[in-house]
Amino acid sequence: MGAHIMITARRLQQLQEVASQCMKLGAASAHYVASDMGNLESAQSVAQEAVVKLGGLDYLVLNHIGGSGGFGFFKGDMDPVVGSTTVNFLSYVQLTSSALSALQESQGSIVVISSMSGRIGAPFTTSYCASKFALEGFYSSLRREFALQNSKMSVTVAVLGYIDTENAVKKVGNKVSMTASSKEDCAREVVTAAVLQQPEIFYPYWGIKPFVLLRDWFPGLVAKILDKCYILENIQ
């Protein structure tokens, strides 16, 4: 769509491939930098480099996921909790902090990829859920601060379900009975919501929104319905 973009990930070859594809699809320019979001200093440098290379910043899209935790029962190990909190929460805040001045100057937008697991606690992903709940709290609070300052800056939180990304399908494909939703359709919905400065988006809408609405009124019923989606014999 004619945008100047900067992308980051750990794998340099994939970054190069994605940047090349972005140019083919109509980006005005596509920069990239390899970085590990488990290192907060690295996250800080990514945001700073983006501002320098792009000459400013209109959108900050926070979409990475990581940590050492698997999909299974919590057995008391703290390493996955610390790793997930660092990558899936603290690095988001670090990137936001480092980019905040540039976003304030442009009256730009922050787009945060969250999950239904940030609204309704899900078994077998305790560390991941904790980080997503933290994201929801931080960015909903930040959105209200912007509003109270009469700022035109926006925060869009994307509350996603099971999406057919390579990582998600590999991790839980044989452990849940749900059908994964299209990552391409999901991306289009997120971009649209960001451009329209919507405070939140649910995708797939009918697979998430009803459960979120019913959660406080019928928590037991919601839990029973969702728990039927797990294939317990494949989960350790």
Side-chain angles (χ1 to χ4, degrees), residues 1-66 87-115 135 138-139 142-143 145-147 149-160 163 165-167 182-201 203:
M1 300 174 70
H4 297 275
I5 66 170
M6 161 82 82
I7 58 176
T8 186
R10 288 176 297 177
R11 290 169 287 187
L12 185 59
Q13 182 178 347
Q14 286 195 332
L15 280 171
Q16 293 170 337
E17 293 171 356
V18 172
S20 176
Q21 183 68 5
C22 287
M23 293 298 294
K24 292 178 182 177
L25 293 173
S29 66
H31 307 275
Y32 57 87
V33 57
S35 179
D36 182 359
M37 292 296 110
N39 182 327
L40 297 185
E41 291 183 358
S42 182
Q44 180 180 15
S45 66
V46 166
Q48 293 171 340
E49 186 169 347
V51 172
V52 170
K53 283 194 173 182
L54 300 179
L57 202 60
D58 296 312
Y59 290 90
L60 175 65
V61 183
L62 303 169
N63 183 38
H64 56 275
I65 181 175
V87 176
N88 302 324
F89 173 57
L90 293 178
S91 69
Y92 279 51
V93 177
Q94 180 64 74
L95 286 163
T96 301
S97 174
S98 301
L100 192 58
S101 295
L103 289 167
Q104 288 172 331
E105 184 176 343
S106 67
Q107 294 290 280
S109 301
I110 302 170
V111 183
V112 183
I113 305 302
S114 186
S115 165
L135 280 181
F138 182 88
Y139 285 97
L142 187 61
R143 184 192 300 117
E145 289 186 7
F146 291 158
Q149 298 174 76
N150 295 316
S151 170
K152 293 183 180 179
M153 293 178 63
S154 67
V155 175
T156 297
V157 174
V159 184
L160 307 184
I163 310 299
T165 62
E166 179 182 347
N167 184 58
S182 165
K183 56 182 177 290
E184 291 82 8
D185 289 344
C186 178
R188 280 188 286 269
E189 292 290 333
V190 171
V191 170
T192 301
V195 171
L196 296 177
Q197 296 190 329
Q198 296 175 355
E200 58 186 20
I201 173 183
Y203 182 86

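Heavy-atom basis, side chains included; hydrogens, waters and symmetry copies ignored.
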Peer 1: Under 4.5 Å between any side-chain heavy atoms of Thr8 and His64, yes or no?
Peer 2: no
Peer 1: CG/Asn39 to CZ/Arg10 distance, rounded to the nearest 0.5 angstrom?
Peer 2: 12.5 Å
Peer 1: Can you list the steps and then say if Arg11 with Val18 is a side chain to side chain contact (heavy atoms under 4.5 Å, CB included)?
Peer 2: CA-CA 11 Å; Arg11 290 169 287 187; Val18 172; over 6 Å; no
Peer 1: Is atom CD of Glu184 surrounded by more than 12 heavy atoms (other residues, nucleotides or ligands) closer than 6.0 Å?
Peer 2: yes
Peer 1: Shortest non-hydrogen contact from Ile163 to Cys186?
Peer 2: CD1-SG, 4.1 Å
Peer 1: Below 30° counts as parallel, above 60° as perpendicular, anything between as tilted: where do the rings of Phe89 and Phe138 land?
Peer 2: perpendicular
Peer 1: Does any N or O in the side chain of Ser20 come within less than 3.5 Å of the main-chain N or O of Glu17, such that one atom is a donor and the other an acceptor?
Peer 2: no
Peer 1: If we ignore hydrogens and angles and just use 3.5 Å, is the side chain of Thr96 paired with the main-chain N or O of Tyr92 as donor and acceptor?
Peer 2: yes
Peer 1: Heavy-atom distance under 4.5 Å between the side chains of Ile110 and Leu142, does that happen here?
Peer 2: yes
Peer 1: Considering only heavy atoms from C-beta outward, does the side chain of Tyr59 approach that of Ile5 to under 4.5 Å?
Peer 2: no
Peer 1: Report the residue from Ser91, Ser97, Ser98 that forms a side chain to side chain donor-acceptor pair (under 3.5 Å) with Gln94.
Peer 2: Ser98
Peer 1: Side-chain contact test, heavy atoms from C-beta onward, threshold under 4.5 Å: evaluate it for Leu160 versus Ile113 and give yes or no.
Peer 2: yes
Peer 1: Does Lys152 offer a backbone N or O that forms a donor-acceptor pair with the side chain of Gln107 under 3.5 Å?
Peer 2: yes
Peer 1: Looking at Ser29 and His4, would you say the former's side chain and the latter's main chain have a donor-acceptor pair under 3.5 Å?
Peer 2: no
Peer 1: Provide the closest heavy-atom pair for Asp185 versus Tyr203 in the form atom of the first, atom of the second, distance.
Peer 2: CB-OH, 3.2 Å
Peer 1: Is there side-chain contact between Val157 and Arg143, with heavy atoms separated by less than 4.5 Å?
Peer 2: yes
Peer 1: With no hydrogens and no angle check, is any side-chain donor or acceptor of Asn88 less than 3.5 Å from a backbone partner on Gly66?
Peer 2: yes
Peer 1: Compare all side-chain heavy atoms of Gln197 with those of Ser109 and state whether any distance is below 4.5 angstrom.
Peer 2: yes
Peer 1: Check whether any side-chain heavy atom of Glu105 lies under 4.5 Å from a side-chain heavy atom of Val51, and answer yes or no.
Peer 2: no
Peer 1: So, His31 side chain and Ala50 main chain: donor-acceptor pair closer than 3.5 Å or not?
Peer 2: no
Peer 1: Do Gln149 and Glu145 have side-chain atoms, one donor and one acceptor, less than 3.5 Å apart?
Peer 2: no
Peer 1: Which atom pair, heavy atoms only, marks the closest approach of Ala99 to Leu57?
Peer 2: CB-CD2, 3.6 Å
Peer 1: Work out which heavy atom in Val33 is nearest to a heavy atom in Leu15; give both atom names and the distance.
Peer 2: O-CD1, 3.5 Å
Peer 1: Tell me if a side-chain donor or acceptor on Tyr139 pairs with a main-chain N or O of Thr156 at a distance below 3.5 Å.
Peer 2: no
